[in-house]
Amino acid sequence: MPALTSGPALFIQPHYDDVPLSCGGTVALLARNGHEPHMVTVFASELLPQMVGEFAAWKHERWRLTDPDQVLEARRAEDAAAARTLGCDVRWLGLPDAIYRDRYTSDHELFGPLPAEERELASHLAEEIRHLPEWRENNRVFVPLGIGSHVDHQLVFEAGRCLAYQGVEVYAYEDCPYAIHTPEGRRTRLAALSGRVGDPVLVPIGETLEQRLEAIACYASQVPVIFRFTQDFRGAVTGFAQEVGGELGPAERFWPVTARDGEGPER
């Protein structure tokens with residue numbers, strides 16, 4: 001079993017919040033062990049008024065944020081606070097969130113198949129990741145598995161597969177809260193990814209679970225929306241981590257990512 005809590009690591013999240021929500025305990029463990037993990041938020045571009053269409057404006061209303069400058073300031077402040085709570089830093093990349101890209105105008109499209117032309121962006125994103133100042137040749141990279149089928153999560157997963165093809169050690173984390181409120185989503189996604197990920201690895205997080213919970217709480221604009229299925233997000237996250245870990249105690253789950261179909265990583 002690989003020691004996922006040692007060595008240099010980059011945690012790639014599509015949006016402000018995905019890593020703390022899904023695997024913040026592992027990030028905190030790496031930080032405690034002196035390995036200086038880094039968090040990278042991909043879809044974190046500047047936000048101009050003309051980018052905010054009807055669909056995006058509806059999302060903003062749910063977050064109780066309306067002015068584009070306010071949205072950007074609040075979301076980045078939340079992300080920075082969560083990173084500090086976990087003991088890591090965070091870098092924001094310049095790609096626009098799917099809700100600001102014209103092709104997505106409803107949740108049906110947002111949580112649907114990744115269009116072929118967007119899938120092509122994966123290799124460019126992988127290249128950008130490899131040129132980050134935080135990049136180290138022996139980095140372990142973490143990307144979302146894509147549970148819930150959000151197009152941005154699928155795109156970052158595909159970037160992870162590009163990196164795996166290049167010989168990088170890549171693991172996919174279990175997207176929360178999708179995996180919590182829709183358990184069949186994991187099975188559906190794993191079936192769709194047959195042969196592209198290996199057997200899961202568990203990381204016990206008993207000593208850092210509280211840090212993960214505190215980091216999640218930093219996303220004040222998001223918690224009421226993404227945990228609308230419960231009045232107790234801390235209990236939901238804790239219960240799920242305990243279910244994942246079983247006899248190990250609270251844990252987070254990761255899948256090793258293989259190279260693209262029909263291809264192997266470079267040697």
Apply side-chain contact (heavy atoms from CB on, under 4.5 Å) to residues Ile205 and Thr26 and explain how you reach the verdict. CA-CA 7 Å; Ile205 59 160; Thr26 300; 4.1 Å; yes

As a quick check of understanding, evaluate side-chain contact (heavy atoms from CB on, under 4.5 Å) for Val27 and Met39, giving each step before the final call. CA-CA 9 Å; Val27 177; Met39 197 162 75; 5.7 Å; no

Given side chain to side chain donor-acceptor pair (under 3.5 Å), test Gln13 with Thr41 step by step and report yes or no. CA-CA 5 Å; Gln13 58 177 5; Thr41 308; 2.7 Å; yes

Should Glu252 and Val201 be marked as a side-chain contact (heavy atoms from CB on, under 4.5 Å) after you check the CA-CA gap, both sets of side-chain angles, and the distance that decides it? CA-CA 8 Å; Glu252 292 167 351; Val201 176; over 6 Å; no

The test is side-chain contact (heavy atoms from CB on, under 4.5 Å); show your working for His181 and Arg228 and say whether it passes. CA-CA 10 Å; His181 63 62; Arg228 58 190 176 276; over 6 Å; no

What verdict does the salt bridge (Lys or Arg N to Asp or Glu O under 4.0 Å) test give for Arg75 and Glu78, after you've listed the backbone C-alpha separation in whole Å, the side-chain angles of each residue and the deciding distance to 0.1 Å? CA-CA 5 Å; Arg75 298 302 312 278; Glu78 291 171 349; 3.4 Å; yes

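Aromatic ring pairs are classed by plane angle as parallel below 30°, tilted from 30° to 60° and perpendicular above 60°; the pair Tyr178 and His153 is perpendicular. Taking the six-membered ring where tryptophan is involved, the planes of Phe142 and Phe11 are essentially parallel, since the angle between them stays under 30° and well short of 60°.
The shortest side-chain heavy-atom distance between Phe229 and Pro177 falls under the 4.5 Å cut-off. Proximity of Val151 to Phe111: side-chain heavy atoms (C-beta onward) are nowhere separated by under 4.5 Å. When side chains are defined from C-beta on, Trp255 does not count as touching Asp199, because their heavy atoms never get closer than 4.5 Å. Residues Leu132 and Arg91 form a side-chain contact, since some pair of their non-hydrogen atoms from C-beta on lies under 4.5 Å apart. Inter-residue side-chain proximity for Val257 and Arg196 is flagged as unmet; no heavy-atom pair is nearer than 4.5 Å. Residues Phe227 and Asp232 have side chains not in contact (no heavy-atom distance under 4.5 Å, counting atoms from C-beta outward). Put simply, the side chain of Leu145 does not reach to within 4.5 Å of the side chain of Tyr173, judged on heavy atoms. Leu86 places a side-chain heavy atom less than 4.5 Å from the side chain of Pro20.
In terms of heavy atoms, Tyr219 sits closest to Ala82 at OH-CB, 3.3 Å. Minimum interatomic distance between Ala215 and Thr85 (heavy atoms only, all atoms of both residues): N-CG2, 3.7 Å. Closest of all the heavy-atom pairs between Ser45 and Gly94 is CB-O, 3.2 Å. The shortest non-hydrogen separation linking Phe240 to Ala179 is CE1-O, 3.6 Å. Across all non-hydrogen atoms, the minimal contact from Leu202 to Leu248 is CD1-CD1, 3.9 Å. Closest approach of Val168 and Asn139 over heavy atoms only: CG1-O, 4.0 Å.
Atom OH of Tyr16 is separated from atom OG of Ser221 by 10.5 Å, given to the nearest 0.5 angstrom. Considering CG of Leu121 and CG of Leu95, their distance stands at 7.5 Å, rounded to 0.5 Å. To the nearest 0.5 Å, atom CD1 of residue Ile216 and atom CG of residue Leu21 are 5.0 Å apart. Taking CG of Leu209 as the start and CD of Glu214 as the end, the distance is 10.5 Å to the nearest 0.5 Å. Interatomic distance, CD1 of Ile99 versus CG of Leu110, reported as 8.0 Å (0.5 Å rounding). Taking CG from Leu29 and SG from Cys23, the interatomic distance works out to 11.0 Å, rounded to the nearest 0.5 Å.
Put simply, the side chain of Thr208 gets close to the backbone of Gly25: a donor and an acceptor are under 3.5 Å apart. In this structure, Arg186 contributes its side chain and Ile180 its backbone to no donor-acceptor pair below 3.5 Å. Of the possible polar contacts, one joining the Asp175 side chain to the Gly146 backbone as a donor-acceptor pair under 3.5 Å is found. A donor-acceptor pair under 3.5 Å is absent between the side-chain atoms of His35 and the main chain of Leu30, judged by distance alone. Side-chain atoms of Asp97 do not come within 3.5 Å of backbone N or O of Phe43 as any donor-acceptor pair.
Within a 6.0 Å radius of CZ in Arg62, other residues, nucleotides and ligands contribute more than 12 heavy atoms. Around CG of Asp102, the count of heavy atoms belonging to other residues, nucleotides or ligands within 6.0 Å does not exceed 12. When the shell of 6.0 Å around CG of Asn138 is examined, it contains more than 12 heavy atoms from other residues, nucleotides or ligands.
Ring pair Tyr100/His60: centre-to-centre distance below 6.0 Å.
Judged purely by distance below 3.5 Å, without hydrogens or angles, the side chains of Glu109 and Thr105 pair a donor atom with an acceptor atom. Under the 3.5 Å distance criterion, with hydrogens and angles disregarded, no donor-acceptor pair is assigned to the side chains of Arg119 and Gln154. For the 3.5 Å distance criterion, the side chains of Ser22 and Glu174 fail to qualify, holding no donor opposite an acceptor.
Residues in residues 65-74 take part in no side chain to side chain donor-acceptor pair (under 3.5 Å) pair, two or more places apart or across chains.
Between Glu46 and Arg76, at least one side-chain N (NZ, or NE/NH1/NH2) sits under 4.0 Å from a carboxylate O, which counts as a salt bridge. A salt bridge is absent between Arg84 and Asp89; no separation between the charged side-chain nitrogens and carboxylate oxygens falls under 4.0 Å. Under the 4.0 Å criterion applied to side-chain N and carboxylate O atoms, Glu243 and Arg253 are not assigned as salt-bridge partners.
Looking at residues two or more places apart in sequence or on another chain, you find no side-chain hydrogen bond (donor to acceptor under 3.5 Å, both in side chains) involving His150. Applying the salt bridge (Lys or Arg N to Asp or Glu O under 4.0 Å) test to Arg103 and every residue at least two apart in sequence or in another chain returns Glu117, Glu118. Applying the side-chain contact (heavy atoms from CB on, under 4.5 Å) rule to Gln242 yields the partners Thr238, Pro250; only residues at least two apart in sequence or on another chain are considered. The salt bridge (Lys or Arg N to Asp or Glu O under 4.0 Å) check on Asp18 picks up nothing, with sequence neighbours excluded.
Judged by a 6.0 Å distance limit and a 45° cone about the ring axis, Arg189 is positioned over the six-membered ring of Phe157.
Of the candidates Asp79, Val19, Val40, Asp79 is the only one forming a side-chain contact (heavy atoms from CB on, under 4.5 Å) with Val90.
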Side chains of residues 49-59: which donor-acceptor pairs under 3.5 Å do they make with residues two or more places apart or in other chains?
from, atom 1, to, atom 2, distance (Å)
Lys59, NZ, Asp107, OD1, 2.9

